[in-house]
Each structure stands twice: as C-alpha cells, then as structure tokens.
There are 2 protein chains.
Amino acid sequence: MINDTLPVNIAQYQHHDKLLLAVDCIIFGFDGTGLKVLLVKRELEPMAGKWSLVGGFVKQNESVNDAAMRILSQLTGFKNIFMEQLHCYGNTDRDPGGRVVSIAYFALIRIEDHAEELLKEHNAKWVPLDKLPRLIFDHKQMLDLSKERLRQRVANHPIGFELLPEKFTLPQLQNLYEAIYEAQFDKRNFNRKILGLQILQKLEEKDKTGSRKGAFYYVFDSDNYKKLESEGISFI
Amino acid sequence: MINDTLPVNIAQYQHHDKLLLAVDCIIFGFDGTGLKVLLVKRELEPMAGKWSLVGGFVKQNESVNDAAMRILSQLTGFKNIFMEQLHCYGNTDRDPGGRVVSIAYFALIRIEDHAEELLKEHNAKWVPLDKLPRLIFDHKQMLDLSKERLRQRVANHPIGFELLPEKFTLPQLQNLYEAIYEAQFDKRNFNRKILGLQILQKLEEKDKTGSRKGAFYYVFDSDNYKKLESEGISFI
DNA sequence: ACAGTAATTGTAAGTTGTACAATTATATTT
DNA sequence: AAATATAATTGTACAACTTACAATTACTGT
C-alpha cells in the first residue's frame, strides 16, 4: 500500500504512466546590485535534494496559467505578481520520473516584500544568477531562455519596475538594467533616455542612503504610460 | 463497443477524461501578394465541419516538437520546414470536448512547393488572412498571436525567405514584408536597407514575368548571414 | 570651512531613418 | 526602326536618434 502521507503530487506522479502536465516558474528578484532567482531543494524523487526551479503539476480543473499562479503564490504569499508564459518543454526524456511536459513561466517580484518564513518552509532560496548550482532536468535551459526573454521584454515594456521598490532612484534603475543586460551604460545617456520616455514621476524626497548628495526618488507613472502605449514606445 | 474504424485520436479523445495534450499549427504561406494560412474542415466532434487550424494529439512516446512536425509533414509532405513554438493554451474550457491543453506552433512554407492532392485529402485550404472564416475554440487568438510573432521574428531574423522561392526579386521581397506588416514601404529605402544587410546574393538572371525591364533575382546568402549573426544585426 | 562622494547635467560628432522623383531597361506597339 | 508603356533601379538632403565624453552640484562628515 502507498504511503498516504506523501504529498498529492507524488501520488499522481507515481500512479500515472500517461502524460502529466507541470509548470515551472523562473522567479526573478533584484537586491540592488544583482539579479537573483528563487530556487528550491527538490523534495520529490527522482532528484530529491537537488536544486530545482519552483514547480508543480497542473490540476484537472485549473488552467495552466492558474496552476503557475498557484505555485507562485504558495511560495511567495503574493497574488499580484508579474508573470508571463515562457515556453513549453516537451521532450520525452526530460524527466526521468515519467512523461512530464512542463510549461515554464517567468515572474518578477520585489525581494524586499518577501516573507522569509514561507521560503524556509519550502526550502527555497534566492540565488544570484552568477552563482547558480547545477539544476535538475532542463531547468538550466529554462533559466537561460528566461534571461533572454527578460531582456527582450524590458527593452519594450515597463516591467523592470516590478523588480524595484515603489520608490526608486535613477542609479538604482540603472543598476537593474545593467544587471539584466550584463553591461555598463553611460549615466548621462541612460538618464536622458529614461526621463525622455516621460513615464517616471519625480518626487521631492531623496534617498540619502547611497551618497551625501542623495538621489531623487521616482515612481512609475502608469497613467502616462498607458497614454503613450498606443504610440509604440521602446526602451533602452 | 466502440467503433474500431474511428481514427486513433478520436478514440483517445473519447476515452480519457484526464488531461490531453494537443498541438495546433499556424501554417503561413505567401502567394506573391498576400499572406495565407492553411485551414482544415474539422472531421472530429465537437465542431465537426467547422474551420480549424491543423492539429492533433501528442503521442505518449513523442516529444511535443515532434508531434507538431508530424502533423505538419502529414499535411504538407515536407520535412524541412521552418517552425517555431508559439504559446501554450491551457484554459480548462477552451475545448468543449474535454480537458485539452494545446501547444501552438507557427510554420512558414513556400506555397509553390505544395502538393495539392495532400491538401484535398485532408480537407485543407489556403485562406487569405483578410478572408478568414470563423474558427473553432481559441484558434483565432492563436492566429492573432502568430501574426504578431511573425512580425517580431521577421524584424530580427532572416526567416521571410522561407515564404519565398529560392530565387526571388527585391519587389517580391518587399511585397512580402508589406503583407506581413500590413504597411507600405518606400522602394528606395527598402532596397537600400535590405542590400545593406549583405545577406543577399545578386544573380545574373532576371525575372521578366512582372515587367518589361525585368527584376534581378537574388538568393539568401546564409553563409554570410552566419558570419554577420555573431554581431547582432536587425532588419526593417 | 573643507574634503570627500556620488548625483546631476550638456554638447558635439557620428549614425541611422525618412521623405521625395528622375532615370533605366526592356517588350510591345506604331 | 522609332515611339511608347511599364516596372525596376538609383541618390540626396534633412531630421532624428545614438554615442562618446567630463565638469559641476549637493550634500555629509571631519
């Protein structure tokens, strides 16, 4: 008899030799200097104990998108998170445990918002992109593709702000873009370009933590963005 | 007892109430003036007799990509076709016949190459994009997304040539781009830009069918493209 | 008052995009 | 043989954008 204390998805995994559908989430965060991704120590055989993206199985009565959102909110405790479908991974041998097709999603969250306890509960950890451990299955491929996609999106859509606090400074924003593109930008050109988009609102307040002079805070002006959206803007 | 003469995929469709995985293909062609898509009259309930994208179920021992390629070659008779995964459609109610998650692909083929007989066998037909019938399920959504993706791809990758004959003229190429973008371009600027990419090889021969003067044929120079690729070129 | 540090600002040169029309090569007609 | 008709081919000036580059400013701590 099967051990009833096993999580539901283990039971599914073992009992169906038909095709299973899973989701995996690449969850990006930004700590002010570098990009990080949320990884978990897998609890499920095969490959238990190895580092993995956050994932789970799609249930019979939920959409694939809902499944991804469920997995994400279980781990983070948040509901309104930027998330986008990345790619379907469907090779027959991608998971030695069975025929599992996985739909990968990538998500952007503010690390600061984040509940430490939930992470511990799930054996999850923020890992800098330049210090990645070996990942199971095709998860490294997923991560690589999501980095590329993030660059594409960030070039044409104002989603970088999802990774920053509500209020942020121009140097912070530049650090983020430099981390995403793994490149250095000129401060003068960067500021001119960003401010030229007219989607940032300057505040009176300054962030004094990084320098004597202090840097002005800005907020994303989504109203103005929507106005401009209909014309086809583009970033960076 | 179930009628054994039904095609295999019908039998599958009826006997599993678990999740099924399908692929749908958006197959684009170009007839010299307008873009067309290959549609079929569906033979399967529900919605039999309605217009549909070309699709089928993913088999237990084939990758999702292989399934898409299989569906595509069954209909066209060709193997080396440009094809790219588009998106996974996973709403629970997208197919009234059951829980079917579908991975959409888009493909580009040369209409001229095409075997008419195979099309008749499969009830398939080339339909101009501006004369689309109502499509089943979420197939219209798939088609809309694939048009957008085609525009993106064609702007950065030399895949437009997949839709043209081996030898083509600059006016033909321009017609193609104008069809894809639903826009008019200036001939001088278009020619300058395209030739500036240095990925076309000019032939001695002219196409005399379209004018007295005749237009020089060109071929895509994939060797030179590969050389330039490492630098990050971009079209249009 | 001074020193130190990071934020902020401007300008010139190069590159690319855009708008616009005359000339050329050929087949057909006169 | 010359004239005509048709679509292909070619150039140039201006505007917009990108890139490279360094001095000044605002503040805190000594």
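Hydrogens, waters and symmetry mates play no part in the numbers below; they use all other heavy atoms, side chains included. Quick note on labels: first sequence line is chain A, next is B, and so on, each numbered from 1.
- Taking the six-membered ring where the residue is Trp, the centroids of A/Phe185 and A/Tyr177 are separated by 6.0 Å or more.
- A donor-acceptor pair is defined here as one N or O able to donate and one able to accept, closer than 3.5 Å; no such pair exists between the side chain of B/Asp138 and the backbone of B/Gln141.
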Anything under 3.5 Å between a protein N or O and an N or O of nucleotides 1-6 of chain D, put it in a table, one pair a line.
none

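- For the pair A/Phe190 CZ and C/dT8 C1', the computed distance is 14 Å after rounding to whole Å.
- The stretch residues 114-130 of chain B participates, sequence neighbours left out, in no salt bridge (charged side-chain N to carboxylate O under 4.0 Å, His left out) pair at all.
- Between B/Lys140 and B/Asp144 there is a salt bridge, since at least one side-chain N of the basic residue sits less than 4.0 Å from a carboxylate O of the acidic one.
- Between A/Phe220 and A/Tyr225, the ring planes are tilted. Angles from 30° to 60° get that label.
- In this entry the distance linking CG of B/Asp207 with P of C/dT26 reads 14 Å, nearest Å.
- Not counting sequence neighbours, A/Tyr105 has no partner by the ring-ring contact (aromatic ring centres under 6.0 Å, His included) test.
- Rounded to a whole Å, the NZ atom of A/Lys208 is 10 Å from the P atom of D/dG29.
- Atom-to-atom, OH of A/Tyr217 to P of C/dA6 comes out at 17 Å; the value is rounded to the nearest Å.
- Distance NZ (B/Lys193) to C1' (C/dA19): 15 Å, rounded to an integer number of Å.
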Every protein N/O lying under 3.5 Å from an N/O of nucleotides 9-11 of chain C:
{"from": "C/dG10", "atom 1": "O6", "to": "A/Arg192", "atom 2": "NH2", "distance (Å)": "3.2"}
{"from": "C/dT11", "atom 1": "O4", "to": "A/Arg192", "atom 2": "NH2", "distance (Å)": "3.1"}

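- Spacing between atom CZ of A/Phe185 and atom C1' of D/dT18 amounts to 13 Å, rounded to whole angstrom units.
- Under the salt bridge (Lys or Arg N to Asp or Glu O under 4.0 Å) criterion, A/Asp221 pairs with no residue at all, not counting sequence neighbours.
- Residues A/Glu162 and A/Arg153 are not paired through a salt bridge, judged by the lack of any N-O separation under 4.0 Å between the basic side chain and the carboxylate.
- The CD atom of B/Glu205 sits 16 Å away from the P atom of D/dA8 (whole-angstrom rounding).
- Partners of B/Pro165 under the side chain to side chain contact (heavy atoms under 4.5 Å, CB included) rule, at least two apart in sequence or in another chain, are B/Glu112.
- Protein atom CD of B/Gln172 is 9 Å distant from nucleotide atom P of D/dA8, rounded to whole Å.
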